[in-house]
Amino acid sequence: MTALAIYPGTFDPFTFGHIDITRRAHRLFPRLVIAVTTNSEKSALFSLEERQQIIRDATRGMRGVSIDSFEGLLVDYVRRKGARVVIRGIRALSDFEYEFQMALMNRKLCDEIETVFLMPHEKYSYLSSRLVREIALLGGDVSAFVTPMVEKMLKERAALHGAGHPSPKPRR
Ligand code: PNS
């Protein structure tokens, strides 16, 4: 039986960077669960259900990849799933401190679980869900960062928020 790995995150929304990490993780772990959760420090733009729907759409055709959600501690969820590996993406040195702290804290909580860090393609090193949300809500083009489904959902959300007015064309 091949090892099961869990790729947790808030994924608000899932970007091309997350898809890249999913592909890399899937090569190493043919059984991979992408586990969406809420982060007490961040208020989400999309509901858990919407975020799962987005990930399902983005990972269609990846056999062995499934989508789930959880509440509470990550280590408890990982244990419940019978897994021992947590996948996290690291884009740049700036991610390292937070990720290192979280990995070591999780290890303290459960010594059997290992965190495996993967680096996305460097073309995604500046990409973050937070920036994608901000750009989209201000009417910017995010088609280079997210799937068409997410782009459409972001546009709808921008319209709801009363934002999304494209910046006026500069006069010539
Ligand atoms: O995508 P994010 O927001 O960087 O993901 C962070 C996440 C969800 C992996 C982290 O906040 C988490 O594990 N949350 C579950 C609660 C938990 O276990 N907290 C203690 C972490 S040491």
Side-chain angles (χ1 to χ4, degrees), residues 3-26 28-29 31-59 62 65-137 142 144-147 149-151 153-154 157:
L4 171 70
I6 309 289
Y7 179 25
T10 41
F11 306 124
D12 185 39
F14 207 64
T15 67
F16 287 160
H18 295 127
I19 295 176
D20 184 273
I21 292 290
T22 302
R23 289 217 175 92
R24 289 171 199 278
H26 190 213
L28 299 172
F29 302 96
R31 292 196 305 138
L32 180 71
V33 176
I34 305 176
V36 189
T37 190
T38 43
N39 184 330
S40 52
E41 309 212 327
K42 301 177 185 170
S43 62
L45 180 65
F46 293 112
S47 69
L48 264 186
E49 189 40 57
E50 286 171 317
R51 284 179 273 153
Q52 288 184 86
Q53 229 181 304
I54 287 168
I55 301 171
R56 221 166 273 128
D57 173 72
T59 58
M62 291 191 206
V65 174
S66 55
I67 325 300
D68 196 9
S69 66
F70 71 97
E71 277 179 30
L73 282 180
L74 173 63
V75 288
D76 289 341
Y77 171 75
V78 173
R79 258 194 296 235
R80 275 202 305 279
K81 297 296 282 185
R84 287 184 167 204
V85 177
V86 168
I87 304 286
R88 291 288 291 170
I90 289 212
R91 290 163 298 192
L93 207 55
S94 49
D95 284 337
F96 183 76
E97 204 173 324
Y98 169 63
E99 293 297 336
F100 185 67
Q101 192 182 12
M102 211 158 51
L104 290 186
M105 186 58 91
N106 282 332
R107 180 186 282 171
K108 182 78 186 158
L109 294 173
C110 180
D111 196 32
E112 286 131 45
I113 297 171
E114 290 297 341
T115 303
V116 172
F117 293 111
L118 297 175
M119 287 171 291
H121 193 283
E122 53 277 16
K123 68 184 172 191
Y124 301 126
S125 57
Y126 58 88
L127 178 53
S128 78
S129 297
R130 186 182 63 79
L131 286 180
V132 166
R133 284 195 308 270
E134 185 175 319
I135 294 165
L137 293 180
V142 291
F145 314 129
V146 293
T147 61
M149 179 187 189
V150 180
E151 196 191 348
M153 288 169 80
L154 281 167
R157 222 33 76 92

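In listed order, ligands and their atoms are each counted from 1. The figures that follow rest on heavy atoms only: side chains count, while hydrogens, waters and symmetry mates do not.
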Atom 20 (C) of ligand 1 sits nearest the protein heavy atom Leu73 CD2, 4.1 Å
Decide if atom CZ of Arg56 counts as having more than 12 heavy atoms of other residues, nucleotides or ligands within a radius under 6.0 Å. yes
Which of the numbered atoms in ligand 1 are under 4.0 angstrom from any heavy atom belonging to Met105? 22 (S)
Whether over 12 other heavy atoms sit under 6.0 Å from Arg107 CZ: no
Protein heavy-atom contact under 4.0 Å for atom 12 (C) of ligand 1? no
Report, as yes or no, whether the 6.0 Å neighbourhood of atom CD on Glu71 holds more than 12 heavy atoms from other residues, nucleotides or ligands. no
Starting from atom 2 (P) of ligand 1, what is the nearest protein heavy atom, named by residue and atom, and what distance separates them? Thr10 OG1, 3.5 Å
Looking only at protein heavy atoms, identify the closest one to atom 10 (C) of ligand 1 and say how far it is in Å. Met102 SD, 3.8 Å
Among all protein heavy atoms in this structure, tell me which lies nearest to atom 14 (N) of ligand 1, with the distance rounded to 0.1 Å. Thr37 CG2, 4.3 Å
Is the ring pair Phe14/Phe11 parallel, tilted or perpendicular, if the boundaries are 30 and 60 degrees? perpendicular
Considering only the protein, which heavy-atom contact is closest to atom 6 (C) of ligand 1, and what is its distance? Tyr98 OH, 3.6 Å
Does the side chain of Arg51 come within less than 4.5 Å of Pro13's, by heavy atoms? no
If the cut-off is 4.0 Å to any non-hydrogen atom of Gly9, which atoms of ligand 1 fall inside it? 1 (O), 5 (O)
In terms of atom number and element, which parts of ligand 1 are under 4.0 angstrom from non-hydrogen atoms of Gly72? 15 (C), 16 (C)
Do NZ/NE/NH1/NH2 and the carboxylate oxygens of Lys81 and Asp68 come within less than 4.0 Å? yes
Say whether Tyr77 and ligand 1 are in contact under the criterion: heavy-atom distance to a ligand atom below 4.0 Å. no
Report, in ascending order of atom number, the atoms of ligand 1 lying under 4.0 Å from any heavy atom of Asn39. 3 (O), 11 (O)
Intermediate values then yes/no, salt bridge (Lys or Arg N to Asp or Glu O under 4.0 Å), Asp76 and Arg80: CA-CA 6 Å; Asp76 289 341; Arg80 275 202 305 279; 5.6 Å; no
Taken to the nearest 0.5 Å, the spacing of Thr59 OG1 from Ile19 CD1 works out to 8.5 Å
Heavy atoms only: which of Gln101, Arg88, His18 is nearest to atom 4 (O) of ligand 1? Arg88
Please tell me if the side chains of Tyr77 and Pro8 come closer than 4.5 Å, counting only heavy atoms from C-beta onward. no
Nearest protein heavy atom to atom 18 (O) of ligand 1, by residue and atom, and its distance? Leu74 N, 2.8 Å
